[in-house]
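Inspection log for the structure reproduced underneath, given as structure tokens.
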Amino acid sequence: IIHGFILTANPVGSRFLSKKYNINLSPATIRNVMADLEEMGYIEQPYTSAGRIPTSKGYRFYVNSLMMVEKLTSQEKRSIKKHFESVNKNVDEILEKTSQVLGRITKQLGVAIGPRLSEGIFERMELIQISSNRLMVIISIKAGIAKTMMMEINSEIPRSELEETSRIINERLQGLSISEIRKTFAKRICDISGGNKELIRLFVDSSDNLFEFTQKNFHLGGTKNIIEQPEFSSTENMKTIIELIEDKNIIIHLLSKNEESDGIKISIGEENEIKSAKDFSVISSNYYIGNIRGTLGVIGPTRMRYSKIVSLVEYTANLLNNILEVE
């Protein structure tokens, strides 16, 4: 029933099953079995005299117990890799390409969410005097990402004091995540005896901004393709998908659900907490830049080719890990 519905986008009847799949049962017997499945909540009849379509419960049982994952062919893998050959090692550019590739191949919404930089591990702080009252602060994290911030100071600070201040701070913050540092920075440096006291007070007062590594924007691809799916032929359904596409927060929420666990995550229809996403499924996976986690995936109607998209999302996540690998 699920394979038939994915293939045709039409409710599946007993006659279709009997002819298409060579089931050695009469249409009457198939109808009885379908009636039992409907009573158990795995399929439903959208309108009188129609065939049946899977419910969220039916898709979940299929994904957990019946689905045979389709492996990508060597040719498909080469085709995906080729899309990334001309991309520079710019994270935003790579993620933009990722969302486009996922959207184009699946004909659904391809999504890539930037890395959670607050999870990054502090590497070092560098202090550079730009003028008598301006200081450049460079904070690097181990994923190879750095943040630069200009700070106003009252007077020029001797180079030896800048070096001593940064040395002490680097020792105190070594091995901590950015989120840990934001919460505990003042406590960790309150007893420092060396360095420039005025500068250290300035860092304490500015610590929220200083150690704010905001999440990069998400990237969306395949909007044209998903709108062409049969589900969105009606005005009401078209409105639903347009609202979803336009609401960044809903998309980020859908992909970020269960983000703390690795591997493929699948959220189906009514399993989504957000009302406007009840007719959609999400297949997602994490990727990593060093220890920093980001998420990519596919959003589409519950009638999607789960067995193939699972392989595609998993392969793309692994490919991204290799491309973004920290040297």
- Message: I'd like to know whether Leu17 forms a side-chain contact (heavy atoms from CB on, under 4.5 Å) with Met34, so could you lay out the CA-CA distance, the side-chain angles of the two residues, the decisive distance to 0.1 Å, and finally the verdict.
- Response: CA-CA 11 Å; Leu17 292 174; Met34 291 173 77; 3.9 Å; yes

- Criterion side-chain contact (heavy atoms from CB on, under 4.5 Å) on Glu314 and Ser285, from CA distance to verdict: CA-CA 7 Å; Glu314 185 174 43; Ser285 180; 5.9 Å; no

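By the salt bridge (Lys or Arg N to Asp or Glu O under 4.0 Å) test, Glu39 pairs with no residue at all, sequence neighbours left out.
Between Phe280 and Thr240 there is a side-chain heavy-atom pair separated by less than 4.5 Å. Side-chain contact between Glu44 and Ile53 is present, with heavy atoms from C-beta onward closer than 4.5 Å. At a threshold of 4.5 Å between non-hydrogen side-chain atoms, the residues Lys20 and Leu7 count as touching. Between Met151 and Arg134, every side-chain heavy-atom pair lies at or beyond the 4.5 Å cut-off.
Screening Asn286, Leu95, Ile141 for a side-chain contact (heavy atoms from CB on, under 4.5 Å) involving Pro115 leaves a single residue, Leu95.
No salt bridge links Glu236 with Lys239; every basic N to acidic carboxylate O contact stays at or beyond 4.0 Å. Residues Lys97 and Glu93 are not paired through a salt bridge, judged by the lack of any N-O separation under 4.0 Å between the basic side chain and the carboxylate.
Using modelled atom types, no side-chain atom of Asn170 and backbone atom of Arg124 make a donor-acceptor pair closer than 3.5 Å. Between the Ser18 side chain and the Ser14 main chain, no donor and acceptor come within less than 3.5 Å of each other. A distance-only check finds a donor-acceptor pair linking the side chain of Lys197 to the backbone of Ile192 [under 3.5 Å]. Remark: side-chain polar atoms of Arg303 are paired, donor with acceptor, to backbone N or O of Ile6 under 3.5 angstrom.
Heavy atoms from other residues, nucleotides or ligands lying under 6.0 Å from CD of Glu180 number more than 12. Lys107 NZ: 12 or fewer foreign heavy atoms inside a 6.0 Å radius.
Between Tyr62 and Tyr306, the ring planes lie perpendicular to each other; the angle is over 60°, past the 30° to 60° tilted range. Classified by interplanar angle (parallel below 30°, tilted 30° to 60°, perpendicular above 60°), the ring pair Phe16/Tyr21 is perpendicular.
Ile169 and Ile121 fall into different hydrophobic clusters, where Ile, Leu, Val, Met, Phe, Trp and Tyr side chains are chained together by heavy-atom contacts under 4.5 Å. In the hydrophobic cluster analysis, where Ile, Leu, Val, Met, Phe, Trp and Tyr join through side-chain heavy atoms closer than 4.5 angstrom, Ile178 is grouped together with Met149.
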